Visitor: 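Mind looking over this structure? Questions follow.
Predicted model only: the values in this text are computed from it and were never measured.
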Amino acid sequence: SGCRHGRLRQSASAQQALVVRSGHEAYCPICKQDVTWAEWTVNLTVGGHYYLTKDITSGSQFTVGKDADPALYCLDTNGYSFKKATGRAFNVYGGSTVNLFNTSDFESIILGGYTADIGGVTNLDTTSSLNLYDGITYIGAAANNGMAKNNGGVISMAAGTFNMYGGPLIGQTAKSGGAVYVNGGTFNLHDGTIQGGDAQFGGSITVSGGTFNMTGGTVTGGQTLPGS
């Protein structure tokens with residue numbers, strides 16, 4: 001399975017033919033060079049370039065990175081989706097940098113399940129970074145009336161950096177921050193839409209620590225729930 005029609009896919013030059021390695025065109029649109037690709041499995045602990053080859057519905061979350069071992073991960077959803085029944089879809093650990101993008105014209109969905117903890121889809125800790133690009137719809141907790149019991153229906157941050165260049169992020173219901181909860185680190189909204197997300201405190205976005213910067217993009221919908 002290779003890239004399916006190419007959203008971000010570009011060759012290094014118009015005349016340069018792409019080399020096919022591991023079932024994926026060699027060129028990485030983020031790194032802007034030819035690289036070696038491998039299949040994206042549930043747990044990634046070695047930095048590199050990975051791509052999905054099918055839709056995945058799993059009871060387990062993706063783990064990206066490992067403690068005290070920062071690395072670069074370029075993850076291509078390749079037009080496929082990852083759906084989590086319960087708990088977060090994936091966490092980023094160990095000071096790693098994750099580029100999450102889609103080289104296909106087929107939209108990808110990353111769907112988090114109900115979580116009694118924080119972050120319906122993704123939780124960042126330590127000094128990790130997540131860069132989200134276009135072509136991927138991030139949707140918060142889907143079960144238990146769409147509610148993350150605590151904070152961050154889609155994204156919860158205690159540290160690290162989240163750069164949003166695409167999306168959208170579609171919030172659900174949470175105690176604080178129906179879509180985004182920032183308790184540390186930095187959330188940079190460069191482009192894309194943060195949509196909906198109701199909360200007892202703060203509507204779509206709650207910042208109780210850290211920094212939220214908005215230089216582009218939009219925030220729509222979301223409300224503070226009655227009785228908050």
Visitor: What pairs with Y73 under ring-ring contact (aromatic ring centres under 6.0 Å, His included), at least two apart in sequence or on another chain?
Guide: none
Visitor: Spell out, as yes or no, whether a donor-acceptor pair under 3.5 Å connects the side chain of T193 to the backbone of Q195.
Guide: no
Visitor: Could you state the interatomic distance from CG (N99) to SG (C31), rounded to the nearest 0.5 Å?
Guide: 6.5 Å
Visitor: Please lay out, stage by stage, how H24 and D76 fare under the test side chain to side chain contact (heavy atoms under 4.5 Å, CB included).
Guide: CA-CA 10 Å; H24 191 289; D76 181 3; 2.8 Å; yes
Visitor: Is V64 close to L130 at the side-chain level, that is, under 4.5 Å between some pair of heavy atoms?
Guide: no
Visitor: Hey, could you give me the OG/CG distance between S129 and L124, rounded to the nearest 0.5 Å?
Guide: 7.5 Å
Visitor: Going by heavy atoms in the side chains, are T215 and D191 under 4.5 Å from each other?
Guide: no
Visitor: Could you pull out the closest heavy-atom pair between G95 and S128, with the gap in Å?
Guide: N-OG, 3.1 Å
Visitor: Please report the shortest heavy-atom distance between T53 and E39, naming the atom on each side.
Guide: OG1-OE2, 3.3 Å
Visitor: Is any side-chain heavy atom of I170 closer than 4.5 Å to a side-chain heavy atom of V154?
Guide: no
Visitor: Search all heavy atoms of A71 against all heavy atoms of G47 and return the closest pair with its distance.
Guide: CB-CA, 3.8 Å
Visitor: Please identify which of these residues, N213, N131, T161, meets the side-chain hydrogen bond (donor to acceptor under 3.5 Å, both in side chains) condition with N188.
Guide: N213
Visitor: Is a donor on one side and an acceptor on the other found under 3.5 Å between the side chain of S96 and the backbone of G65?
Guide: no
Visitor: Please test L132 against F162 for side chain to side chain contact (heavy atoms under 4.5 Å, CB included), starting from the C-alpha separation and ending with a verdict.
Guide: CA-CA 8 Å; L132 176 66; F162 188 103; 4.0 Å; yes
Visitor: Identify the heavy atoms of N91 and T122 that sit nearest to each other, and give their distance.
Guide: OD1-C, 4.4 Å
Visitor: If you take all heavy atoms of V180 and I194, which pair is closest and at what distance?
Guide: CG2-CD1, 4.2 Å
Visitor: Just by modelled atom types, is the Y51 backbone N or O under 3.5 Å from a matching donor or acceptor in the N78 side chain?
Guide: no
Visitor: Starting from the C-alpha separation in whole Å, work towards a yes-or-no answer on side chain to side chain contact (heavy atoms under 4.5 Å, CB included) for Y27 and K32.
Guide: CA-CA 7 Å; Y27 188 74; K32 301 187 183 304; 3.5 Å; yes
Visitor: Hey, what do you get for CG (N163) to CG (L189), rounding to the nearest 0.5 Å?
Guide: 10.0 Å
Visitor: Does E25 offer a backbone N or O that forms a donor-acceptor pair with the side chain of W37 under 3.5 Å?
Guide: yes
Visitor: Quick one: ring-ring contact (aromatic ring centres under 6.0 Å, His included) partners of Y138, sequence neighbours excluded?
Guide: none
Visitor: Using 30° and 60° as the class limits, which term best fits the ring planes of F101 and Y133: parallel, tilted or perpendicular?
Guide: perpendicular
Visitor: Starting at CG of D134, measure out to OG1 of T137 and round the result to the nearest 0.5 Å.
Guide: 9.0 Å
Visitor: Considering the options V98, T97, I30, which one meets the side chain to side chain contact (heavy atoms under 4.5 Å, CB included) requirement together with L72?
Guide: T97
Visitor: Assess whether side chain to side chain donor-acceptor pair (under 3.5 Å) is satisfied between Y80 and S104, documenting all intermediate values.
Guide: CA-CA 9 Å; Y80 295 102; S104 171; over 6 Å; no
Visitor: In Å, rounded to the nearest 0.5 Å, how long is the span from CD1 of I110 to OG of S81?
Guide: 8.0 Å
Visitor: Should V46 and Y93 be counted in the same cluster of Ile, Leu, Val, Met, Phe, Trp and Tyr side chains packed under 4.5 Å apart?
Guide: no
Visitor: How close do M157 and G185 get, counting heavy atoms only, and between which atoms?
Guide: CE-C, 4.3 Å
Visitor: Do the side chains of T77 and W40 get nearer than 4.5 Å, heavy atoms only?
Guide: yes
Visitor: Given side chain to side chain contact (heavy atoms under 4.5 Å, CB included), test M164 with L169 step by step and report yes or no.
Guide: CA-CA 9 Å; M164 183 172 168; L169 301 185; 3.8 Å; yes
